[in-house]
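A short write-up of the structure that comes next.
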Amino acid sequence: MKEKIIKYINRIYFGIYLYTRELDIPTYYVGRKDYYRGQLGFKICCLLIMLYTSGFLSIIGAFGGEHFAYLIKGNFIYKSIYIIIIICIYFLLSQITSLEGNKGLAYFEQFDREPRSIKIKWMIIGAFAFLLGIALFILGLNIFPVF
């Protein structure tokens, strides 16, 4: 089950990479297989993870109430801790979903062999996921205004 979820998330990343036309091309460096990482597609995927992380953490923080939001908003130390928590969750999610590892990049090689109609489907799903992340981020900022 976990493997299917990771594969599904990596297909969303693949759809985002298709927008930037930065497919990962396997290269060989000193006898070891490595992959070219497109910079813009990688940054957009990182932004996607950061939007979801911030949105979910804001929604969870909203359950703490207005006093909790006022405490974090008013104190620099608590605001710094909140930002550090967002960054740590981001790194955890990027490791779990294999965005920064060779395993996730190896998935791209598999996905690249699929027919064009499947690639277009994942481009649409990737765009929808990105827009959903933006909406979740905006919703999180509205119900838990920390910044």
Side-chain angles (χ1 to χ4, degrees), residues 1-66 68-69 72-73 78-147:
M1 182 68 180
K2 179 184 171 189
E3 191 67 30
K4 282 186 177 184
I5 293 172
I6 290 174
K7 197 174 253 192
Y8 182 75
I9 291 171
N10 278 298
R11 283 181 188 261
I12 292 173
Y13 294 156
F14 181 69
I16 291 172
Y17 266 87
L18 285 174
Y19 277 109
T20 60
R21 301 202 190 282
E22 296 175 335
L23 294 177
D24 291 333
I25 303 164
T27 58
Y28 291 93
Y29 180 73
V30 191
R32 185 174 160 253
K33 190 175 188 178
D34 200 7
Y35 294 90
Y36 166 75
R37 292 180 189 215
Q39 292 299 315
L40 184 60
F42 184 71
K43 289 177 183 176
I44 291 173
C45 290
C46 291
L47 179 65
L48 176 72
I49 295 173
M50 191 62 84
L51 288 172
Y52 275 98
T53 302
S54 179
F56 281 129
L57 198 58
S58 295
I59 290 171
I60 290 171
F63 290 122
E66 291 179 18
F68 185 62
I72 290 178
K73 190 174 185 178
Y78 291 129
K79 190 182 286 189
S80 301
I81 291 171
Y82 182 77
I83 292 170
I84 289 171
I85 289 172
I86 288 176
I87 292 171
C88 289
I89 292 173
Y90 159 77
F91 283 124
L92 179 69
L93 287 176
S94 66
Q95 287 296 321
I96 289 172
T97 60
S98 305
L99 177 63
E100 298 179 10
N102 285 336
K103 184 177 181 182
L105 294 174
Y107 282 137
F108 281 21
E109 190 176 318
Q110 287 178 317
F111 302 153
D112 193 36
R113 295 182 190 135
E114 292 180 349
R116 184 169 171 78
S117 62
I118 302 291
K119 290 178 184 178
I120 291 172
K121 177 181 98 171
W122 286 106
M123 285 178 72
I124 293 169
I125 292 172
F128 179 71
F130 193 77
L131 292 175
L132 185 65
I134 291 172
L136 186 66
F137 176 75
I138 292 171
L139 177 70
L141 285 181
N142 284 337
I143 64 172
F144 190 67
V146 175
F147 301 108

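This structure is a prediction, so every number in the text was calculated from the model and none was measured. The residues of the chain are indexed from 1 along the displayed sequence.
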Discussion item. Could you check whether any side-chain heavy atom of L47 comes within less than 4.5 Å of a side-chain heavy atom of F137, counting everything from C-beta outward?
Written reply: no
Worksheet item: Of the non-hydrogen atoms in G126 and I12, which two are nearest, and what is the gap between them?
Response: CA-CG2, 4.0 Å
Response to the item:
d(K43 NZ, I16 CD1) to nearest 0.5 Å is 15.5 Å
Worksheet item: Of I85, I89, I83, which is the lone residue that meets side-chain contact (heavy atoms from CB on, under 4.5 Å) with I87?
Response: I83
Worksheet entry | Minimum side-chain heavy-atom gap L51-F130 below 4.5 Å | yes
Item to complete: Determine whether R11 and E114 make a side-chain contact, defined as any pair of heavy atoms from C-beta on separated by less than 4.5 Å.
Response: yes
Worksheet item: Rounded to the nearest 0.5 Å, how far does CD1 of I49 lie from CD1 of I86?
Response: 14.0 Å
Discussion item. Keeping Y19 on the side-chain end and M123 on the backbone end, is there a donor-acceptor pair under 3.5 Å?
Written reply: yes
Worksheet, complete the sentence: I96 and I6 have their tightest heavy-atom pair at O-CD1, 3.4 Å
Worksheet item: Any side-chain heavy-atom pair from F14 and K119 closer than 4.5 angstrom?
Response: yes
Worksheet item: Which distance, rounded to the nearest 0.5 Å, do you find between the SG of C88 and the CD1 of I81?
Response: 11.5 Å
Practice prompt. Not counting sequence neighbours, which residues clear ring pair (Phe, Tyr, Trp, His ring centres under 6.0 Å) with Y8? List them please.
Written response: W122
Response to the item:
To the nearest 0.5 Å, atom CG of L139 lies from atom CD1 of I134 at 13.5 Å
Item to complete: For residues G140 and S58, report the shortest heavy-atom separation together with the two atoms involved.
Response: O-CB, 3.3 Å
Discussion item. Within this structure, what is the OH-OH distance for the pair Y78 and Y82, rounded to the nearest 0.5 Å?
Written reply: 15.5 Å
Discussion item. To check you understand the geometry: which heavy-atom pair defines the closest contact between C46 and Y90, and what is its length?
Written reply: SG-OH, 3.0 Å
Worksheet item: Any side-chain heavy atom of L48 sitting closer than 4.5 Å to one from I44?
Response: no
Practice prompt. Taking side chain to side chain donor-acceptor pair (under 3.5 Å) as the test, write out the residues that go with T53, two or more places apart.
Written response: none
Fill in: Contact check, side chains of Y52 and L132, non-hydrogen atoms, under 4.5 Å
yes
